[in-house]
Amino acid sequence: MSELSTRYNPASVEEKWYKHWMDKGYFKSMPDPNNEKYTGAFTVVIPPPNVTGVLHMGHMLNNTIQDILIRKARLEGKNACWVPGMDHASIATEAKVVKRLREKGIKKSDIGREEFLKHAWEWKEEYGGVILEQLKKLGASCDWDRTRFTMDEKYYESVLDTFIHLYDKGLIYRGARMVNWDCEALTAVSDEEVIHTEENGKLYSVRYQVAGTNEFVTIATTRPETIVGDSAICVHPDDERYKHLHGKKAIVPIVNREVPIIQDEYVTMDFGTGCLKVTPAHDANDYELGLKHNLETIDILNANGTLSEAAQVLVGEDRFEARKKIVPLLEAAGALVKVEDYQNKVGRSERTNSVIEPRLSKQWFVKMKPLAEPALKAVEDGDVKFYPQKYVNTYRYWMSNIKDWCISRQLWWGHRIPAWYFGEGDDDFVVAKTAEEALKKASEAAGRTLATNDLHQDEDVMDTWFSSWLWPISVFDGFYKRDELDYYYPTNDLVTGPDIIFFWVARMIMAGYEFEGKKPFENVYFTGIIRDKLGRKMSKSLGNSPDPIDLIEKYSADGVRLGLLMTAPAGNDIPFDDSICEQGRNFTNKIWNALRLIKGWEVADKPQPEVNKLAVEWLENRINKEISEINDHYKKYRLNDAAMSIYKLIWDEFCSWYLEAIKPAYGDSIDQTTLDSTVSMFEKLSTLLHPMMPFISEEVWHGLKERSEGDCVFKSNWPVANPADETMISDFELVKSIITEVRSIRASKSLSPKEQLALYQKAGKGSYSRFESVLVKLANVDVHWSAAPEGPSGSFILGTLEFTVPLTGLVDAGEEKSKLEEELAYQKGFLNSVLKKLSNEKFVGGAPEAVVAAERKKQNDAETRIKSIEEKLATLG
RNA sequence: GGGAGUUUAGCUCAGCUGGUUCAGAGCACCUCGUUUACACCGAGGGGGUCGGGGGUUCGAAUCCCUCAACUCCCACCA
């Protein structure tokens, strides 16, 4: 024992076992359909982190859960396969590379596409994958040989193929639309990538002169800089205030352009002045109005958000500068009526946080309705199950109101759109996987033989999610090799955050049905969002996000895992605080010391004492019962409950009760039979613990006895839940209560545990008395199954049983008497309430028989208790 | 503006289709303890009118209505 520290040292243990598992290749999985050793395949694909990412608490939680599910499946004999990988994260990565080049004084536009991509790949090689290395510290048992990247060759190919497939099917089209434009990243983004929040701004009231009159109309706008792009004023056709203006024109201030005053029911009469300026180039609604009323579209902004030549004034100024600077111009023109503080929703880019600009441009879109239908049905029918279920509603709403998906991005880092233009205009194009094919198709389309030079490929790449929606299929190169996909697909569980339910989960389901005709996974486990203890989201800017690697160093990977788990029911947000890991760390220490205790025992060749035999029998039953509970928790994805079950099973039942019961007295030894049973039960506990705390469970496994090659908890078998003897378990529970009561009497009288007490129970032996030897050892009492002698004593009632501990000279009669009287009063009150119920005819008539019978039993029990208290009181005089 | 969810001990949460003392668990807290595995420990203990109000019922934390607070999602009101 001397060589084992009283403190568990996780750092070396965790490194040792991770290396061991890796060296043995235990994380690897290969399709093996005919191997009877396996009870089936169990597949999880990791939500691929961005190559740009570093590990944060969300990943920790997420991957801990995946690891638990995978390890549990492995223990259950499944061929478990956890596929790791990374996402190329088009916008985020490109932004980082651009920034890095800028620091070196290089402009993206100067070096061109080829050169830029070279830099991007370099960047990926250098920084990408940090997060995967960090996951290893957490204990993630991914099959690292399978690590995939969304821009791997085969993966890239599969993205192009799906694009072509959808195009040929008529589900991808190209067109000019109002899109969300990110002025910083200089690309279009999808609706999902725009985050709307309430922001403080100003509302400017501006008056326009009605041409040929001295009359003015006043409009309100939050964006005065767009006034110079106005091409109409709009009022409601029924608005009496403005009927006389129908057919007239208004003069746009500053630029003095005459624009029509149009009528449209889109305008809300009772909002503001009921008069609206129309700027078709810079607002989605105005754009629609423009189309309807055939208005001029004046695009006054450049792609980077500065004012263009078309604005005529403030050319080259940034839109927000222009917003300030146009105010004096409006004032000078006598057009500014007032400026008020105003709150409105502003959309910002998820990636750059830049304010999104509605912008008219030609982009590629996916028609979503046909894809959404089977995907919605799958979830509604429970073919794909969500945990927690409430997300089904969110999903349904989005799926049934789905809009077309803008998938083109004006970026270079990503999967380039396989469209090739050959004509003068940009409407002559063909879609093909390679230049050669494109040339062939284009020649056919053009009706003449074209040369390679006549073609140019679309400059845009696709939305990152257009590649990640293929993840469960393409990680297995599924479009090109069937063997792996047929074996591993559909995958089993997907573990992810609810924030990407639309971005990713929904689209994977669509892709699964569209491309494979099957769901991509059976269950989706939505984790909560990790917040700080004040309930705020963790973010870099707040600096409230702990570094997971620091946490692991401080509390051990096992400790952090357990801490996160215990406070994380599916879907609930987690207010994170370091202290929740402390509990996990303490638990590892407890387990470590249990191992030390057992290892420290001298073994002797001697018969098994009765108390040990009983304790072993009880714990075996107790474990069996708990295995059923744990299995049930897992089945329902209640991992926090499963964690709590194991925690209590080990700490309370195994350590506090069982080990205390069998522990030899000082200097004494243990018998071989008990030791063997103890080792084998501790092994079982290790296996149960292993998915959650992989490292210490492995350490215990090997600490318990010498192991042969390949014998480890990692490869052990999930224990079978044998039927448990419930009576035995409840008997032991009663014995525990007796022990606690006796200890409580000791505590209140400051009696040493070493001083033996007598315990009387006059009703005689019940089935619980089989544990008499446990009672004797743990409460240090001499048990008498008879009435207690008269005299001062302490007593307690459990159920209907009254126990007495004589305390001669320690208790005065008055004190004992008043305690008993208090108890008597309580029991009488209880009896009264029961009697009241039973005398209520409606209750006796209306309630089910079992309930009434239970009430009668309560009455009997209470009466028994009252009688024995009264008898006791009588002896006290 | 719509929709969903939450509201039970100081904190995080269990409490299934109303009925066995159903008001629970873990942590935190308090008291005691250098008992030979562990003070990252042991023994014992206190603590909640189940968000407010109303209703249904013999009986409600559990069902219904209503109000309030918080969270999230969706939505083009200048």
Side-chain angles (χ1 to χ4, degrees), chain A residues 1 4 6-8 178 196 203-204 219-223 234 266-268 271-279 283-288 342 344-345 347 358 388 390-395 397-398 401 498-499 501-502 529 533 535 555 559 566-569 571-575 577 579-580 582-601 638 640-641 643-644 647-648 651 655-656 659-660 663 665-667 739-740 743-748 750 752-754 830 833-834 837 840-848 850-855 857-858 861-862:
Chain A
M1 192 199 295
L4 294 183
T6 63
R7 289 278 171 92
Y8 173 58
M178 224 23 167
H196 297 272
L203 186 66
Y204 303 81
I219 58 92
T221 180
T222 53
R223 304 196 55 191
C234 187
Y266 164 72
V267 180
T268 313
F271 186 86
T273 59
C275 189
L276 184 72
K277 83 186 193 69
V278 184
T279 321
D283 183 279
N285 298 309
D286 290 10
Y287 177 68
E288 293 301 320
Y342 192 68
N344 68 330
K345 291 270 188 175
K390 65 176 174 182
Y391 289 109
V392 173
N393 286 326
T394 312
Y395 179 85
Y397 185 83
W398 190 74
N401 294 286
D499 49 332
I501 184 168
F502 307 135
I529 292 165
K533 62 174 158 181
Y555 299 106
M566 296 252 266
T567 43
N572 280 29
D573 284 2
I574 300 155
D577 179 45
S579 66
I580 66 173
E582 211 171 289
Q583 197 182 349
R585 191 265 322 261
N586 293 354
F587 187 40
T588 60
N589 198 243
K590 183 73 184 176
I591 297 167
W592 171 251
N593 277 288
L595 177 64
R596 279 181 68 226
L597 175 69
I598 294 166
K599 288 184 75 156
W601 284 333
R638 298 175 63 145
N640 60 321
D641 287 333
M644 184 58 76
Y647 179 86
K648 288 203 279 189
W651 198 310
C655 293
S656 299
L659 289 179
E660 290 303 326
K663 192 155 89 178
Y666 180 60
I739 294 167
T740 300
R743 284 172 177 169
S744 172
I745 288 172
R746 273 188 211 281
S748 67
S750 302
S752 158
K754 286 175 183 158
F830 177 68
S833 75
V834 174
K837 236 186 206 179
N840 181 338
E841 278 170 35
K842 283 181 181 167
F843 170 71
V844 181
V851 176
V852 178
E855 223 50 37
K857 181 169 187 312
K858 276 196 221 167
D861 291 355

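Just the heavy atoms: all of them, side chains too, but no hydrogens, waters or symmetry mates, feed the values below. Quick note on labels: first sequence line is chain A, next is B, and so on, each numbered from 1.
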Measure from [atom1] on [X] to [atom2] on [N] and round the result to the nearest Å.
X      : N      : atom1 : atom2 : value
A/L597 : B/rG42 : CG    : C1'   : 14 Å
A/Y391 : B/rC73 : OH    : P     : 9 Å
A/N589 : B/rG42 : CG    : P     : 10 Å
A/H196 : B/rC73 : NE2   : P     : 12 Å
A/M566 : B/rA28 : CE    : P     : 10 Å
A/R7   : B/rA39 : CZ    : C1'   : 8 Å
A/Y266 : B/rA75 : OH    : C1'   : 12 Å
A/D283 : B/rC76 : CG    : C1'   : 7 Å

Using atom [atom1] in both nucleotides, what's the gap between [N] and [M] to the nearest angstrom?
N      : M      : atom1 : answer
B/rC58 : B/rC72 : C1'   : 42 Å
B/rG46 : B/rC63 : P     : 31 Å
B/rG5  : B/rU66 : P     : 15 Å
B/rA28 : B/rU12 : C1'   : 11 Å
B/rA39 : B/rA43 : C1'   : 13 Å
B/rU7  : B/rA75 : C1'   : 27 Å
B/rC16 : B/rU8  : P     : 15 Å
B/rC65 : B/rU56 : C1'   : 10 Å

Give one of base, sugar-phosphate or nothing for [X], where a contact means two heavy atoms less than 4.0 Å apart.
X      : result
A/F587 : nothing
A/C275 : nothing
A/S579 : nothing
A/T222 : sugar-phosphate
A/D641 : nothing
A/N285 : base
A/A594 : base
A/K663 : base
A/D577 : nothing
A/Y395 : nothing
A/P575 : sugar-phosphate

| said: Between the base of B/rA43 and the side chain of A/E660, is there a donor and acceptor pair under 3.5 angstrom? | reply: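 It does not, because no donor-acceptor pair links the side chain of A/E660 to the base of B/rA43 below 3.5 Å.
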| field | Under 3.5 Å donor-acceptor pair, A/R585 side-chain atoms to B/rC40 base atoms | value |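 Indeed there is one.
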| field | A/C655 side, atom SG; A/E660 side, atom CD - distance, nearest 0.5 Å | value |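 Those atoms lie 9.0 Å apart.
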| task | Kindly compute the distance separating OG1 (A/T567) from CD (A/Q583), expressed to the nearest 0.5 Å. | result |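 Answer for the OG1-CD pair, A/T567 versus A/Q583, is 8.5 Å.
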Taking the minimum atom-to-atom distance to the side chain of [X], which one of [options] wins?
X      : options                : value
A/T268 : B/rG45, B/rA14, B/rA78 : B/rA78
A/Y647 : B/rA14, B/rG26, B/rC76 : B/rG26
A/V267 : B/rG45, B/rA78, B/rC58 : B/rA78
A/F271 : B/rA78, B/rG44, B/rA43 : B/rA78
A/M644 : B/rA25, B/rC74, B/rC27 : B/rA25
A/F502 : B/rC41, B/rA78, B/rC74 : B/rC74
A/K345 : B/rG45, B/rA75, B/rA78 : B/rA75
A/L659 : B/rA37, B/rU12, B/rC58 : B/rA37
A/F843 : B/rG44, B/rA78, B/rG19 : B/rG19

Give a yes or no answer on whether the side chain of [X] reaches the backbone of [Y] with a donor-acceptor pair at less than 3.5 Å.
X      : Y      : result
A/D573 : A/I529 : yes
A/S656 : A/W651 : yes
A/R7   : A/N589 : no

| message | Would A/L597 and A/K599 count as a side-chain contact (heavy atoms from CB on, under 4.5 Å) here? Give the steps. | response | CA-CA 6 Å; A/L597 175 69; A/K599 288 184 75 156; over 6 Å; no
| request: Specify whether A/W592 and A/Y8 have parallel, tilted or perpendicular ring planes, treating 30° as the upper limit for parallel and 60° as the lower limit for perpendicular. | output: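 Ring orientation of A/W592 relative to A/Y8: tilted.
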| task | May I ask you to decide if the ring planes of A/F587 and A/Y647 are parallel, tilted or perpendicular, using 30° and 60° as cut-offs? | result |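 Rings of A/F587 and A/Y647: tilted, as their planes differ by 30° to 60°.
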| task | Report the residue (A/Y8 or A/T221) whose heavy-atom-nearest nucleotide on RNA chain B is the more 5′ of the two. | result |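 Closer to the 5' end of RNA chain B: A/Y8.
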| field | 5' priority, RNA chain B, between A/T567 and A/K754 [closest heavy atom] | value |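 Whichever sits nearer the 5' end wins; that is A/T567.
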Grab the N/O contacts between the protein and nucleotides 2-6 of chain B below 3.5 Å, and write none if there aren't any.
none

| request: Answer whether the closest heavy-atom distance between the side chains of A/Y266 and A/C234 falls below 4.5 Å. | output: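 No. Closest side-chain heavy atoms not under 4.5 Å.
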| query | Hey, does A/D861 have a side-chain heavy atom less than 4.5 Å from the side chain of A/K857? | reply |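 Side-chain contact under 4.5 Å: yes.
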| remark: Pairing string of RNA chain B (Watson-Crick or G-U wobble, both atom distances under 3.5 Å; | = paired to other strand) is (((((((..((((.....[....)))).(((((.......))))).....(((((..]....))))))))))))....
| message | For A/T394 and A/F502: C-alpha separation, side-chain torsions, deciding distance, then whether side-chain contact (heavy atoms from CB on, under 4.5 Å) applies. | response | CA-CA 9 Å; A/T394 312; A/F502 307 135; 3.6 Å; yes
| said: Restricting to side chain to side chain donor-acceptor pair (under 3.5 Å), what partner residues turn up for A/D283, sequence neighbours left out? | reply: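 In terms of side chain to side chain donor-acceptor pair (under 3.5 Å), with neighbours along the sequence ignored, A/D283 is linked to no residue.
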